[in-house]
Amino acid sequence: AAALANAFAQAYIDTTLELSVEPARKSAEWFEKQQADLRARVEQAQRKLSAYQQNKNITATDERLDVETERFAALTSQMVGAQAQTYDAESRQRQMEEMLAKGSSMETLPEVLANGFIQSLKAELLRQEAKLADLSEKLGTNHPQYQRAVAEVKNLREKLDKEMMSVTSGIRNNARLAQRREAALKASLEAQKAKVMKFKQSRDEIPTLMREVESAQRAYEVALERYNQSAMQSRISQTNVVLLNPAVDPVNPSSPKVLLNMALSVGLGVMLSLGLALLLELLDRRVRSELDLSEALGLPVLGVLAKGTA
């Protein structure tokens, strides 16, 4: 009986454990299959992101875009400066052309007046002209000193004219160079602007691809966590049912109870014997007294003969 009771208790515990473990085992098997698909999705999303970055030549950070943006800002600043220089050079050229068109001497140009070398040549020319005037009063035109002075004056004037022509040519060249530099910077600025816009448009796809990778990664991590939980639960060998008091063999037998049975048997035997005696007495109809005869016949007794009477 103890073995049977313990067997029933153990069977109940095993069944309860099986009911708890079996769903977890099936869940672990299902999540294990899902992990392969989710892992493949993560790898596919990562490959797609990497291929896009390599195809568009985009690094994982904004470093290159920052470099291109800084280059664009630098070109913009240079463009502003070049435009200012071009405006200034064109203004000086226009002013010079207007003054020359009006018949003004090149000596009145601001650039000529600001040129120290030209001013020194003019001063030297004035000295030589003064010296030539002084010699013309003292010497004849064929005198060697006079001829030398004339040659020096002519040489200085040619140098002065050459320097002034160089200044005017420099003004025109500066205007042309400023225009060319502005045009070159404008072309570079447009190219850099297109490059920056292209990078920005290319990077607009990066967040979408990264979100796909993150979503696939989160789904894979959740599935992996659930798989680990289910796998751990499927390997549990204990349940919340505990056998507190296992059945054991009793020290004293529960039956038969000898004393009680003896007392019951004595009492029952007495009662049965009395009842049997009464029953036998009732079934035995022999007449033993006048009362029995009177009751049996229903007639009154008239006399009784005593024993030994003749």
Side-chain angles (χ1 to χ4, degrees), residues 50-129 150-209:
S50 300
Y52 184 82
Q53 289 177 336
Q54 293 177 1
N55 186 27
K56 300 298 183 179
N57 197 17
I58 300 175
T59 56
T61 62
D62 294 336
E63 194 173 316
R64 175 159 186 184
L65 183 61
D66 291 340
V67 171
E68 299 296 341
T69 304
E70 290 178 1
R71 187 176 300 170
F72 177 75
L75 287 174
T76 303
S77 178
Q78 294 177 12
M79 183 65 183
V80 173
Q83 289 177 344
Q85 292 178 1
T86 302
Y87 178 78
D88 182 60
E90 289 178 346
S91 297
R92 286 189 295 173
Q93 182 185 9
R94 187 167 51 252
Q95 184 182 4
M96 180 191 71
E97 299 294 346
E98 290 176 355
M99 291 179 65
L100 294 177
K102 291 178 181 179
S104 301
S105 174
M106 289 187 295
E107 296 181 359
T108 60
L109 295 176
E111 289 77 8
V112 173
L113 295 176
N115 194 307
F117 182 66
I118 293 177
Q119 296 304 318
S120 65
L121 288 177
K122 288 176 66 175
E124 183 65 23
L125 178 60
L126 289 175
R127 285 195 299 271
Q128 292 297 328
E129 286 178 347
V150 172
E152 290 180 357
V153 170
K154 182 180 178 181
N155 187 26
L156 287 173
R157 188 170 295 280
E158 289 177 354
K159 286 184 178 181
L160 181 61
D161 292 340
K162 184 178 180 180
E163 288 297 329
M164 288 190 295
M165 289 297 295
S166 177
V167 169
T168 57
S169 298
I171 292 174
R172 293 188 182 95
N173 290 332
N174 287 337
R176 287 194 295 270
L177 290 175
Q179 291 172 356
R180 291 176 183 175
R181 184 169 182 270
E182 181 182 355
L185 283 174
K186 185 176 181 180
S188 299
L189 184 62
E190 291 297 329
Q192 187 65 25
K193 181 179 179 181
K195 185 183 291 187
V196 171
M197 294 301 296
K198 182 179 179 181
F199 271 107
K200 286 185 177 180
Q201 290 176 358
S202 300
R203 294 195 67 84
D204 290 341
E205 297 292 331
I206 296 295
T208 302
L209 296 176

Legend entry - S188 side-chain N/O to A184 backbone N/O, donor-acceptor pair under 3.5 Å: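 Here the side-chain-to-backbone pair exists.
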Inset, instruction - Answer yes or no: is there a donor N or O on one side and an acceptor on the other, between the side chain of T168 and the main chain of M165, under 3.5 Å? - result: yes
When rounded to the nearest 0.5 angstrom, what is the spacing between [atom1] in [X] and [atom2] in [Y]?
X    : Y    : atom1 : atom2 : value
N173 : R180 : CG    : CZ    : 8.5 Å
E124 : R127 : CD    : CZ    : 4.0 Å
M79  : Q83  : CE    : CD    : 4.0 Å
E190 : L185 : CD    : CG    : 12.0 Å
K159 : S166 : NZ    : OG    : 14.0 Å
L189 : T76  : CG    : OG1   : 4.5 Å

Inset, instruction - Could you tell me whether the side chains of T86 and E182 share a donor-acceptor contact shorter than 3.5 Å? - result: yes
Legend entry - Shortest non-hydrogen contact from Q78 toward R181: O-NH1, 4.4 Å
